[in-house]
Amino acid sequence: MTTTREVMEAVVLERTFNAPVSRVWRALTTVEELRAWYFCDAVAYDGFELKEFKPEVGFEFEFITDHEGNSYRHLYEVTEVIPEKKMAYTWRYKGEPGNSLVTFELFPEGEKTRLKLTHEGLDTFPKTAAFARENFEKGWTHLIGSELKQFFEKTEKGKS
């Protein structure tokens, strides 16, 4: 008997930002900057605030979000760091099966930086609407394509 398992495709997004690699790396790894674009929506949940982040293998952090009236505690652990090139961390949920991996890769393109985000292992999560691939795709598109882009635009204007 042959069994097949449906494997959900990873979410992969690439965006180019008008900022050097060192600037994009800082936005991905500095707690103050992460609060400004990545965790800006999470702060509203139960007084949550990202207190610390370290781009070091083994560093763990968490946050809480709501989806249609249910709270989900996200648990992360940094698994790989190559400064100004790559960072990866596991992403799972407290009390739920599954474990995924998020990877940020940075590629210099002159004075700009191409960011490639890959979120794989989504097929290990429960097969419910809350864990649908589309939710992750929309979330990352919003964070990388909108929030991070606006963050760089605001910080550049502040320099002038």
Side-chain angles (χ1 to χ4, degrees), residues 5-44 50 53-65 67 72 74-93 96 98-160:
R5 187 178 138 194
E6 187 177 321
V7 176
M8 192 181 303
E9 231 179 273
V11 171
V12 179
L13 292 173
E14 292 191 44
R15 297 291 186 272
T16 300
F17 298 102
N18 192 20
V21 167
S22 61
R23 179 71 191 96
V24 177
W25 181 255
R26 199 165 61 243
L28 294 174
T29 61
T30 305
V31 71
E32 294 81 14
E33 295 197 10
L34 286 166
R35 282 188 205 131
W37 71 270
Y38 192 151
F39 296 97
C40 54
D41 293 333
V43 178
L50 182 67
F53 180 83
K54 293 180 185 174
E56 298 172 0
V57 173
F59 181 78
E60 297 179 356
F61 62 108
E62 64 182 70
F63 73 98
I64 301 168
T65 60
H67 181 266
Y72 295 92
H74 300 65
L75 306 172
Y76 296 154
E77 181 178 349
V78 177
T79 60
E80 184 177 10
V81 177
I82 303 171
E84 297 192 2
K85 293 183 189 229
K86 184 177 183 181
M87 180 173 60
Y89 52 77
T90 59
W91 171 317
R92 60 189 180 86
Y93 296 90
E96 299 286 350
N99 195 14
S100 65
L101 182 69
V102 175
T103 305
F104 294 92
E105 296 174 275
L106 303 179
F107 304 93
E109 295 184 347
E111 288 298 309
K112 296 181 180 188
T113 302
R114 181 170 49 92
L115 169 79
K116 179 180 179 184
L117 174 133
T118 305
H119 192 167
E120 57 191 314
L122 300 174
D123 56 321
T124 66
F125 293 137
K127 309 298 184 251
T128 63
F131 298 100
R133 181 185 188 281
E134 294 77 30
N135 290 338
F136 292 97
E137 194 170 63
K138 285 178 187 174
W140 284 122
T141 299
H142 173 71
L143 283 170
I144 302 300
S146 179
E147 294 293 337
L148 186 55
K149 180 179 183 286
Q150 289 175 22
F151 173 77
F152 287 129
E153 289 170 357
K154 285 179 195 172
T155 55
E156 272 306 303
K157 285 180 186 171
K159 283 180 167 181
S160 335

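Given the structure is predicted, the values throughout are model-derived calculations rather than measurements.
Smallest separation of non-hydrogen atoms from Ala10 and Thr118: CB-CG2, 4.2 Å. Summarising the geometry of Leu106 relative to Leu115, their closest heavy-atom pair is CD2-CD1, 3.3 Å, with the distance given to 0.1 Å. Scanning all heavy atoms of the two residues, the minimum distance from Pro83 to Trp25 falls at CA-CZ2, 3.6 Å. The two residues Glu56 and Val78 make their nearest non-hydrogen contact at O-CB, 3.2 Å.
At least one donor-acceptor pair under 3.5 Å links the side chain of Thr113 to the backbone N or O of Ala19. Distance alone, capped at 3.5 Å, places no donor-acceptor pair between the Thr103 side chain and the Ala88 backbone. In this structure a side-chain-to-backbone donor-acceptor pair under 3.5 Å is missing from Ser146 to Leu143. Distance alone, capped at 3.5 Å, is enough to place a donor-acceptor pair between the Asn135 side chain and the Ala129 backbone.
Checked against side chain to side chain contact (heavy atoms under 4.5 Å, CB included), Glu60 has the following partners two or more places apart in sequence or in another chain: Glu77. Listed by chain and number, the residues in a side chain to side chain contact (heavy atoms under 4.5 Å, CB included) with Glu33 are Arg23, Arg26, Ala27, Thr30, Phe151 (sequence neighbours excluded).
Remark: the Thr141 side chain and the Glu137 side chain contain no N/O donor-acceptor pair separated by less than 3.5 Å.
A distance of 8.5 Å separates CG of Leu28 from CZ of Phe53, quoted to the nearest 0.5 Å. Annotation: the span from Thr79 atom OG1 to Met87 atom CE amounts to 9.5 Å, rounded to 0.5 Å. One distance of note links CD of Glu62 with OH of Tyr93; it measures 13.5 Å at 0.5 Å rounding. Once rounded to the nearest 0.5 Å, the distance linking CG of Asn99 with CG of Leu122 reads 11.0 Å. The CD atom of Glu105 sits 11.5 Å away from atom NZ of Lys85, with the distance rounded to the nearest 0.5 Å.
Between His119 and Trp91, the ring-plane angle classifies as tilted under the 30° and 60° cut-offs. A tilted orientation is assigned to the rings of Tyr76 and Tyr38, their planes being inclined by 30° to 60°. Ring-plane geometry between Phe61 and Phe59 is classed as parallel, the angle between the planes falling under 30 degrees on a 0 to 90 degree scale with a further cut at 60.
When ring centroids are compared, Tyr72 and Phe125 stay outside the 6.0 Å threshold.
More than 12 heavy atoms of other residues, nucleotides or ligands lie within 6.0 Å of CD in Glu32, so this atom counts as buried by the packing criterion.
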Mind running salt bridge (Lys or Arg N to Asp or Glu O under 4.0 Å) on Glu153 and Lys149 for me, showing each step along the way? CA-CA 6 Å; Glu153 289 170 357; Lys149 180 179 183 286; 2.7 Å; yes
Ile144 vs Trp37, side chain to side chain contact (heavy atoms under 4.5 Å, CB included): CA-CA, chis, key distance, verdict: CA-CA 9 Å; Ile144 302 300; Trp37 71 270; 4.1 Å; yes
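The list of side-chain hydrogen bond (donor to acceptor under 3.5 Å, both in side chains) pairs with a residue in residues 11-20, not counting sequence neighbours, reads Glu14-Arg114.
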